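A quick write-up on the structure given underneath.
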Amino acid sequence: MNIFEQRKEKEMKIAQSMSKIKYLLAVGSGKGGVGKSTVSANLAISLAKLGFRVGLADVDIYGPSVPTLFNIENEEVVGQEIDGKLSFHPIERFGIKLMSIGFFVDSTKALMWRGPMASNTVIQMLSETLWGELDYLIFDMPPGTGDIQLTLSHDFKLSGAVFVSTPQQLAVSDVRRAVNMFKNEGVNVPVLGLVENMAYFTPKELPNNKYYLFGKGGTENLAKELDIELLEQIPISEDISEANDSGNPISLIVDSLEGNSFLSLARKINEKLNNNIK
Ligand code: ADP
């Protein structure tokens with residue numbers, strides 16, 4: 001097979017595996033540790049709460065979090081041979097179809113991977129998973145602007161991307177680079193907006209108060225500068241962190257401040273995609 005035929009075959013494989021999925025949504029960030037996986041997981045649960053069929057693909061090779069966030073670290077991915085080709089069944093939790101690169105690679109070694117090798121593994125995982133019919137497939141991306149982000153935005157027809165940042169200046173300037181990469185003409189993925197995580201703190205005994213621990217206005221100003229919307233501000237909370245550690249993301253709890261914030265984010269994203277708003 002020559003290089004053009006190989007390329008064609010890869011494109012066909014991707015198109016076929018994604019053919020029953022309505023929206024492919026990337027969740028990105030400028031740097032790690034800002035809450036990108038927390039937002040991806042809670043967004044997945046919130047979209048499912050709104051009645052959508054949802055899948056979550058964890059392609060963050062530098063720090064796959066989905067196995068911990070959904071407490072599926074000890075699960076085994078089951079393969080099945082279909083027409084002579086091996087495919088994988090996603091793991092289901094809380095009605096969400098989950099797959100993580102963490103099941104396939106040793107993340108302590110991922111940093112040493114050369115770009116094309118890592119992105120080929122990601123593409124293989126995504127296109128060999130039996131996603132079935134979905135309204136949303138969320139990609140929990142690696143932070144930054146590397147090879148995987150470029151490959152995914154190029155080879156998968158992403159419906160949109162949202163970016164997570166914290167209020168600190170450094171996180172904000174990193175996210176600027178990531179947003180610009182997606183907006184770039186060669187990539188051209190609609191950037192739906194920014195999510196500010198750990199935006200404020202509300203003590204339980206003072207539910208009407210908001211304390212802006214890491215400063216106020218940074219993400220809002222960046223959104224204005226980049227001409228995109230600040231979609232949601234998510235509070236910093238011990239409950240979010242505990243829920244993450246227990247493998248039961250906060251959005252599973254009915255009517256919490258944090259859960260409502262993620263639900264509002266899910267509604268906005270869905271509205272934007274439905275109305276084709278950029
Ligand atoms: P990323 O995917 O950007 O690397 P994570 O979602 O893994 O970030 O979050 C990093 C750490 O911060 C985790 O320990 C997580 O539980 C915690 N965390 C994320 N968002 C919040 C929040 N809003 N409040 C409290 N802790 C949070």
Side-chain angles (χ1 to χ4, degrees), residues 25-46 56-73 93 96 98-102 107-108 110-111 122 138-146 148-149 152 161-168 170-179 182 194-204 207 209-216 218-219 230-253 256-266:
L25 177 69
V27 179
S29 69
K31 62 175 203 160
V34 297
K36 173 182 50 58
S37 300
T38 304
V39 170
S40 303
N42 284 288
L43 187 57
I45 293 171
S46 303
L56 172 57
D58 175 11
V59 296
D60 184 353
I61 59 158
Y62 303 117
S65 308
V66 160
T68 312
L69 290 175
F70 288 85
N71 195 14
I72 53 169
E73 283 150 313
R93 275 291 181 283
I96 321 271
L98 304 165
M99 189 52 91
S100 170
I101 197 72
S107 60
T108 57
L111 273 171
V122 164
I138 297 171
F139 295 137
D140 181 354
M141 304 284 267
T145 52
I148 292 184
Q149 295 84 324
L152 282 188
V162 294
F163 290 89
V164 182
S165 177
T166 55
Q168 292 99 321
L170 196 65
V172 164
S173 58
D174 283 334
V175 86
R176 180 187 285 116
R177 263 192 297 276
V179 169
F182 275 74
L194 296 180
V195 179
E196 187 175 57
N197 188 30
M198 312 195 205
Y200 61 89
F201 175 68
T202 293
K204 284 214 171 71
N209 290 26
K210 287 182 177 179
Y211 298 98
Y212 294 87
L213 306 179
F214 306 119
K216 200 179 168 188
T219 314
L230 172 55
L231 295 167
E232 194 63 41
Q233 292 179 298
I234 314 281
I236 182 163
S237 106
E238 208 176 342
D239 289 354
I240 292 185
S241 146
E242 278 172 12
N244 279 352
D245 293 343
S246 75
N248 296 289
I250 192 91
S251 292
L252 293 168
I253 299 172
S256 62
L257 167 78
E258 300 87 347
N260 287 341
S261 215
F262 287 115
L263 201 57
S264 150
L265 175 66

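Worth knowing before you read on, the calculation uses all heavy atoms, side chains too, and leaves out hydrogens, waters and symmetry mates. Computed from a prediction, not measured in an experiment: that's the story for all the values here. Numbering of ligands and ligand atoms starts at 1, following listing order.
For ligand 1, the polar-atom distance check against I240 finds no nitrogen or oxygen pair separated by under 3.5 Å.
At a heavy-atom distance under 4.0 Å, atoms from both the backbone and the side chain of I236 approach ligand 1. Of the heavy atoms in S237, only backbone atoms (N, CA, C, O) come closer than 4.0 Å to ligand 1. The proximity of N197 to ligand 1, defined as any non-hydrogen pair under 4.0 Å, is limited to the side chain. Contacts between V34 and ligand 1, counted as non-hydrogen atom pairs separated by less than 4.0 Å, involve both the backbone and the side chain.
For atom 6 (O) of ligand 1, the nearest protein heavy atom (residue, atom name, distance) is T38 OG1, 2.6 Å. Closest protein heavy atom to atom 26 (N) of ligand 1: S241 CB, 3.6 Å. Atom 18 (N) of ligand 1 has its closest protein heavy atom at M198 CE, 3.9 Å. Of the protein's heavy atoms, G33 O, 3.9 Å lies nearest to atom 10 (C) of ligand 1.
By heavy-atom distance, the residue among V66, V27, N244 lying nearest atom 17 (C) of ligand 1 is N244. Residue nearest to atom 23 (N) of ligand 1, selected from G30, S29, P235: P235 (by heavy-atom distance).
Distance remark: protein heavy atom not present below 4.0 angstrom from atom 14 (O) of ligand 1.
Within the listing of ligand 1, atoms 1 (P), 2 (O), 3 (O), 6 (O), 8 (O) sit less than 4.0 angstrom from a heavy atom of K36.
When all heavy atoms of F163 and A161 are compared, the closest pair comes out as CE1-CB, 3.9 Å.
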